[in-house]
Amino acid sequence: EGTYADDLPTGVFKIYNRAGELILAKTYNEGGELIEEVYYSNDKMQSKFSFEKGTPKSIIYFDKNGKELGNFKETNGELVGKAYYPSGQV
């Protein structure tokens with residue numbers, strides 16, 4: 001699915017486990033943006049990372065049911081956000 005242009009990855013690259021389940025998807029966009037999505041074995045997203053030219057811009061974590069457990073965004077060079085217990089408490 002993904003390709004290379006000028007020795008740089010472009011598009012979506014997917015990695016599967018031995019059972020054929022998607023475990024990682026990396027999307028490379030022009031301009032140096034990378035989005036990584038990590039999946040549980042039940043096809044729900046475990047985490048999503050966004051990078052721009054190698055610098056983290058956002059991180060989101062999810063439980064096995066898809067409920068958000070943490071959300072961090074880059075602000076003035078630091079990742080700032082909140083993480084939650086599965087009960088929803090901060």
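Along the sequence shown, the residues carry numbers beginning at 1.
Put simply, the side chain of D63 gets close to the backbone of N65: a donor and an acceptor are under 3.5 Å apart. In terms of modelled atom types and a separation under 3.5 Å, the side chain of N17 and the main chain of A19 share a donor-acceptor contact.
In this structure, T10 and A5 approach most closely via the heavy-atom pair OG1-CB, 4.2 Å. Pairing each heavy atom of E33 with each of S50, the nearest pair is OE2-OG, 4.1 Å. Of all the heavy atoms in L24 and E36, the pair that sits closest is CD1-CB, 4.5 Å. S47 and Y61 make their closest contact through CB-CD2, 3.8 Å (heavy atoms, listed as atom of the first residue, atom of the second, distance). Considering every non-hydrogen atom in both L34 and K26, the closest pair reads CD1-CB, 4.0 Å.
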Q.
Run the side-chain contact (heavy atoms from CB on, under 4.5 Å) test on V38 and F49 for me, step by step, so that the C-alpha distance in whole Å, both residues' side-chain angles and the decisive distance to 0.1 Å come before the verdict.
A. CA-CA 9 Å; V38 181; F49 302 86; 4.3 Å; yes

Q | Test log, rule salt bridge (Lys or Arg N to Asp or Glu O under 4.0 Å), inputs E1 and K14 | A | CA-CA 8 Å; E1 295 174 32; K14 295 180 179 180; 3.6 Å; yes

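Atom CD in E21 sits 14.5 Å away from atom CD1 in I15 (nearest 0.5 Å). Within the model, atoms NZ of K64 and CG of D43 stand 13.0 Å from one another, a figure rounded to the nearest 0.5 Å.
L79 and Y84 fall into different hydrophobic clusters, where Ile, Leu, Val, Met, Phe, Trp and Tyr residues are linked whenever their side-chain heavy atoms come under 4.5 Å apart, directly or through other members. By the rule that hydrophobic residues join a cluster once side-chain heavy atoms approach within less than 4.5 Å of another member, Y85 and F72 end up as members of separate clusters.
Side chains of K53 and T55 form no contact here, defined as non-hydrogen atoms less than 4.5 Å apart.
Under the 6.0 Å cut-off for aromatic ring centres, Y28 and F51 do not qualify, their centroids lying 6.0 Å or more apart.
Within 6.0 Å of atom NZ in K57, more than 12 heavy atoms from other residues, nucleotides or ligands are found, so the atom counts as buried in its surroundings.
Connectivity analysis of hydrophobic side chains (ILVMFWY, heavy atoms under 4.5 Å, direct or indirect) links L22 to Y16, Y39, M45, I60, F62.
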